[in-house]
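Worksheet: the structure to be examined is printed underneath.
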Amino acid sequence: MTDPYYVTTPIYYVNDVPHIGHAYTTIAADVLARFFRSAGRDVRFLTGTDEHGVKIFKAAAEKGKQPRELADEVVEHFRRLWKELEISNDDFIRTTEPRHEARVREIVRRLVERDEIYLGKYEGWYDEGQEEFVTESTARANDYKSAISGRDLVRYSEPSYHFRLGKWAPKLIEHIENNPRFIQPDARRNEVLSKLRQGVEDLCISRQKQKLPWGVQMPNDPDHVVYVWVDALSNYITALGIPDIGDEHDGEHAKYWPADVQLIGKDILWFHAVYWPCLLMALDLPVPNCVFAHGWWTSEGRKMSKSLGNFISREVIAEICGDYSVDVFRYYLLRTVAFGADGDFSHEDLRQRYNGDLANGVGNLLARTVNMIVSYFDGKVPEPGEPGVDEREVAGAAEDLTSSAEQAIELCRFHLLLDKVNALADATNRYIDSTQPFKLAKDPEQRERLGTILYTCAEAVRLVLVYLQPVMPATARRGLEQLGATGPDRPLAETGAWGALAPGTPVHKGESLFPRKT
RNA sequence: GGCGGCGUAGCUCAGUCGGCAGAGCAGGGGACUCAUAAGCCCCGGGUCACUGGUUCGAGUCCAGUCGCCGCCA
């Protein structure tokens with residue numbers, strides 16, 4: 001009935017503990033999910049964890065644990081962080097879950113059946129000390145020696161299954177050319193296209209079980225285990241109950257596929273922009289509408305590193321959220337840098353952003369508006385008269401926001417939306433200074449005019465808060481409560497339009513939304 | 001080495017079809033007071049990296065140079 005909307009984050013590898021990069025992707029996805037929910041779309045938002053692989057197996061062994069045990073522990077760090085950051089995911093998939101593993105086997109089975117997979121030979125570099133495969137580019141970068149032990153890498157060859165990636169490449173190129181939105185931003189799209197045009201080889205999708213003991217066994221060959229690509233990438237559909245395998249999840253959420261947008265970091269673009277769509281084409285499934293690769297964060301001007309002490313871990317995020325709030329952290333990440341570009345996180349920049357945009361801008365506007373309505377209209381939103389020229393600038397800023405918000409979000413232009421939100425708050429602050437309601441209040445003859453002005457202010461702040469809501473859910477709600485504008489959930493088509501605030505609505509002063517930081 | 005992108009005010013960046021260089025922040029000054037000493041108003045000659053070209057006119061188009069970055073080899 002309603003229009004489905006499906007957004008995904010990558011599944012995060014449990015070898016790593018969560019940091020700002022994970023938080024960034026997931027917050028962005030959450031904002032998309034919240035926005036489109038409020039717009040009345042039927043939203044599904046998926047995140048999860050990638051739990052197979054040699055690294056996990058070894059890390060667990062070192063700690064004397066079973067891989068699954070280790071994963072169970074690490075996954076909690078992610079779950080807890082998502083909870084702390086107000087992430088509203090509808091599902092959380094782990095690659096070690098039966099619903100996923102069984103579907104991975106089915107996917108492989110289908111690929112074999114369609115002759116999309118054949119037994120070939122894997123050749124590559126292997127680090128014997130680390131018991132890890134090393135890609136050609138990494139090997140070259142390290143002069144064909146182990147990055148850890150310095151020992152020579154060994155040339156390794158073993159039978160393995162290959163996916164006919166090359167066969168699908170021309171079709172993919174065509175698709176990318178015809179669908180500019182498929183890979184975003186454009187610079188990334190160009191990179192993928194030019195690399196594709198240089199030609200691609202088939203993709204090795206299995207490893208021998210003895211080398212990769214922790215993974216999904218190939219259904220057609222007990223000596224082989226599914227390598228990361230098919231295992232991890234397929235989570236986006238297995239979580240929806242695709243394909244059918246005869247369990248209770250079959251087709252459960254199949255209506256959400258294809259995904260509207262799949263958010264990823266730029267480091268995993270190639271896999272998502274090439275391997276994944278080709279696998280889908282081979283399975284005769286539609287490819288996602290958009291794969292959006294965002295940038296990376298540096299911290300205090302330098303690459304994040306634990307030794308430099310600028311690493312933004314889950315603990316540091318918790319500190320920042322404690323100093324400000326979760327919502328402010330979310331706001332900062334999305335406001336400071338255009339989604340897709342790299343950004344730098346700095347405490348000083350955060351403080352300035354906070355004071356400038358939020359405390360002095362939105363927060364102060366709400367405070368002065370509510371205060372005047374309380375003082376001059378007994379705390380009830382006044383009836384507006386006919387708007388005049390003074391109202392034009394505010395109305396224009398509001399129109400600009402309401403008319404472009406959905407498209408900005410659709411294209412993941414979070415900073416643009418926030419920019420327009422701030423522009424409306426700024427226009428309204430200027431409006432108060434130019435119309436001087438606090439002076440008109442002294443003149444009983446100006447009662448109607450005063451009402452128009454304060455209604456205009458209240459309505460403008462309300463819109464500011466409504467459009468801030470997907471990014472700052474809890475804070476926006478507190479602000480809306482002060483305006484008496486909470487009520488039962490109504491679609492954005494109503495709440496997001498000028499005039500939804502009913503005259504007579506009681507307002508009340510509350511705590512500062514954003515107390516100024518010194 | 002190949003392909004692509006970028007280089008604009010102290011900082012971060014906008015500049016669509018070529019038509020008198022912009023915003024935010026920071027900094028300086030001012031008038032006010034509803035408000036979180038917040039808000040508002042005023043103050044920006046910056047070789048638009050460099051060189052050459054096309055054009056009546058180039059930040060914008062073309063060629064080259066330098067620097068930075070990305071992808072690939």
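Everything numeric in this text was worked out from a predicted model, so none of it was measured. Note on naming: letters A, B, ... go to the chains in the order of the sequence lines (proteins, then strands), and numbering restarts at 1 for each one.
Listed in residue order, the members of residues 389-402 of chain A having a heavy atom less than 4.0 Å from RNA chain B come to none.
At the heavy-atom level, A:Leu366 lies nowhere under 4.0 Å from the strands shown. Heavy atoms of A:Arg430 sit under 4.0 angstrom from primed sugar atoms or phosphate atoms, though from no base atom.
Residues forming a side-chain contact (heavy atoms from CB on, under 4.5 Å) with A:Glu383 (at least two apart in sequence, or on another chain): A:Pro503. With sequence neighbours left out, the salt bridge (charged side-chain N to carboxylate O under 4.0 Å, His left out) criterion links A:Arg189 to no other residue. Under the rule for a side-chain contact (heavy atoms from CB on, under 4.5 Å), A:Pro170 has no partner lying at least two apart in sequence or in another chain. When the side-chain contact (heavy atoms from CB on, under 4.5 Å) test is applied to A:Leu440, the partners found at least two apart in sequence or on another chain are A:Gln446, A:Arg449, A:Leu450, A:Ile453. With sequence neighbours excluded, the residues forming a side chain to side chain donor-acceptor pair (under 3.5 Å) with A:Lys420 are A:Asp400, listed by chain and number. Every residue meeting the side-chain contact (heavy atoms from CB on, under 4.5 Å) condition with A:Ala259, not counting sequence neighbours, appears here in chain and number order: A:Tyr6, A:Trp257, A:Gln262, A:Pro288.
Surrounding CD of A:Glu348 are more than 12 heavy atoms belonging to other residues, nucleotides or ligands, all under 6.0 Å away. Other residues, nucleotides and ligands place more than 12 heavy atoms under 6.0 Å from the CZ atom of A:Arg181. A 6.0 Å sphere centred on CD of A:Glu123 holds more than 12 heavy atoms belonging to other residues, nucleotides or ligands.
Nearest-nucleotide assignment on RNA chain B puts the 5′-proximal partner with A:Asn360, out of A:Gln198 and A:Asn360. Both A:Val362 and A:Asp342 lie close to RNA chain B; mapped to their nearest nucleotides by heavy-atom distance, the more 5′-ward contact belongs to A:Asp342.
Of the N and O atoms on the side chains of A:Tyr156 and A:Lys211, at least one donor lies less than 3.5 Å from an acceptor on the other residue. Residues A:Asn429 and A:Arg368 bring a donor and an acceptor atom of their side chains to less than 3.5 Å of each other.
Rounded to an integer number of Å, the gap from A:Glu511 CD to B:U36 C1' is 12 Å. At whole-Å resolution of the value, CG in A:Leu193 and C1' in B:C72 are 14 Å apart. Between A:Gln184 atom CD and B:G70 atom P the separation is 20 Å, expressed in whole Å. For the pair A:Asp349 CG and B:C13 P, the computed distance is 11 Å after rounding to whole Å. The nearest whole Å value for the distance from the CD1 atom in A:Ile183 to the P atom in B:C71 is 15 Å.
Of the candidate nucleotides B:U36, B:G70, B:C72, B:C72 has the atom lying nearest to any side-chain atom of A:Lys195.
B:U8 and B:C50 have their C1' atoms separated by 15 Å, given to the nearest Å. Going from the C1' atom of B:A58 to that of B:A21 covers 13 Å, rounded to whole Å. Spacing of P atoms, B:C32 relative to B:G15, comes out at 40 Å, to the nearest Å. Look at the C1' atom in both B:C40 and B:G59: the space between them is 33 Å, to the nearest Å. Between B:C48 and B:C61, the two C1' atoms lie 16 Å apart (nearest whole Å). The same atom, P, is picked in B:C17 and in B:G7; the two are 16 Å apart, to the nearest Å. Atom P of B:G44 sits at a distance of 13 Å from the matching atom of B:G24, rounded to the whole Å. To the nearest whole angstrom, the two P atoms, one in B:C25 and one in B:C41, are 11 Å apart.
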Nucleotides 21-35 of chain B: protein proximity per nucleotide (B base, S sugar-phosphate only, - neither; heavy atom, under 4.0 Å): ----S-------SBB
Every protein N/O lying under 3.5 Å from an N/O of nucleotides 3-12 of chain B:
none

Donor-acceptor contacts, no H, no angles, side chain residues 463-478 of chain A, under 3.5 Å, sequence neighbours left out:
residue	atom	partner	partner atom	Å
A:Tyr467	OH	A:Gly496	O	2.9
A:Thr475	OG1	A:Asp327	OD2	2.6
A:Arg478	NH2	A:Leu513	O	3.4

Watson-Crick and G-U pairing of RNA chain B, under 3.5 Å, as dot-bracket with | and [ ]: (((((((..((((.....[..)))).((((.........)))).....(((((..]....)))))))))))).
Test log, rule salt bridge (Lys or Arg N to Asp or Glu O under 4.0 Å), inputs A:Asp419 and A:Arg335: CA-CA 8 Å; A:Asp419 199 47; A:Arg335 177 69 184 84; 3.0 Å; yes
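For residues 384-423 of chain A, every residue pair satisfying the ring pair (Phe, Tyr, Trp, His ring centres under 6.0 Å) rule, not counting sequence neighbours, is listed here: A:Phe339-A:Phe414.
Of the options A:Tyr24, A:Tyr324, A:Phe345, A:Tyr354, a ring pair (Phe, Tyr, Trp, His ring centres under 6.0 Å) to A:Tyr332 is made by A:Phe345 and by none of the others.
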